[in-house]
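Comments concern the structure below.
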Amino acid sequence: MTYVYEYVVGNDNVKVEYCHSSITDSIKVVDMWVNGKFHRTNWMSPEGNKMLMARLEKDMEDRMCGTYETEMNLDRDMPYGL
């Protein structure tokens, strides 16, 4: 399963598809786009790459711990019978 994380840095819109590797127990970037154009993490500065990975770690943690902030669709997200 992959996740998509989107954010804005400066004037750039960044969209990252990532997953968690069970083998290396780390986050792997599957694909990345900046302003709608394909991008790779190895094109980033070491500092930029480190900040991206910190963002992805936080996003994954929020998703796994249920602290992910999103709008709830009551028709879709509420269990039946409540």
Side-chain angles (χ1 to χ4, degrees):
M1 171 187 254
T2 64
Y3 302 99
V4 175
Y5 180 74
E6 297 181 59
Y7 66 101
V8 176
V9 59
N11 293 324
D12 295 326
N13 295 311
V14 181
K15 184 187 289 188
V16 182
E17 180 182 15
Y18 72 95
C19 64
H20 184 269
S21 170
S22 298
I23 294 174
T24 61
D25 193 30
S26 64
I27 289 179
K28 302 291 185 183
V29 173
V30 176
D31 276 321
M32 182 175 177
W33 301 268
V34 176
N35 298 326
K37 296 180 183 174
F38 181 73
H39 196 74
R40 291 194 184 273
T41 56
N42 62 353
W43 299 348
M44 300 172 74
S45 69
E47 297 82 15
N49 192 314
K50 186 175 180 177
M51 288 190 323
L52 171 64
M53 296 312 287
R55 287 175 184 257
L56 297 180
E57 290 277 349
K58 173 79 169 103
D59 187 63
M60 168 111 4
E61 179 182 313
D62 288 346
R63 290 172 189 268
M64 297 302 153
C65 295
T67 57
Y68 189 67
E69 293 183 20
T70 184
E71 288 187 27
M72 181 179 281
N73 178 329
L74 295 178
D75 293 325
R76 179 194 70 210
D77 298 332
M78 292 300 292
Y80 291 107
L82 293 180

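Since the structure is predicted, the reported quantities are computational estimates derived from the model, not experimental observations.
At a threshold of 4.0 Å, the pair Asp59-Arg55 does not count as salt-bridged, since none of the basic side-chain nitrogens sits closer than that to a carboxylate oxygen.
Atom CE of Met64 is separated from atom NE2 of His20 by 8.0 Å, given to the nearest 0.5 angstrom. Separation of atoms NZ (Lys50) and OG1 (Thr41) is listed at 15.5 Å; rounding is to 0.5 Å. A distance of 8.5 Å separates NE2 in His39 from CG in Asn42, rounded to the nearest 0.5 Å. Residue Lys37 holds its NZ atom at 12.5 Å from CG of Asn13, rounded to the nearest 0.5 Å. One distance of note links CD1 of Ile27 with CE of Met53; it measures 5.5 Å at 0.5 Å rounding.
A heavy-atom distance below 4.5 Å is found between the side chains of Leu56 and Val16.
Hydrophobic clustering places Val34 together with Val9 (ILVMFWY residues linked when any side-chain heavy atoms are closer than 4.5 Å, directly or through intermediates). Side-chain heavy atoms closer than 4.5 Å link hydrophobic residues (I, L, V, M, F, W, Y) into clusters, and following such links, even through other members, never connects Val30 to Met1.
The two residues Met32 and Val14 come nearest to each other via the heavy atoms CE-CG1, 3.9 Å. In terms of heavy-atom proximity, Lys15 sits nearest to Val4 at CG-CG1, 3.6 Å. Nearest heavy atom pair, residue Ser26 against residue Thr24, reads OG-OG1, 2.7 Å.
In summary, the aromatic rings of Tyr5 and Tyr7 are positioned with their centroids under 6.0 Å apart.
In this structure, Phe38 and Trp43 have perpendicular ring planes: the angle between them is above 60°, well past the 30° mark.
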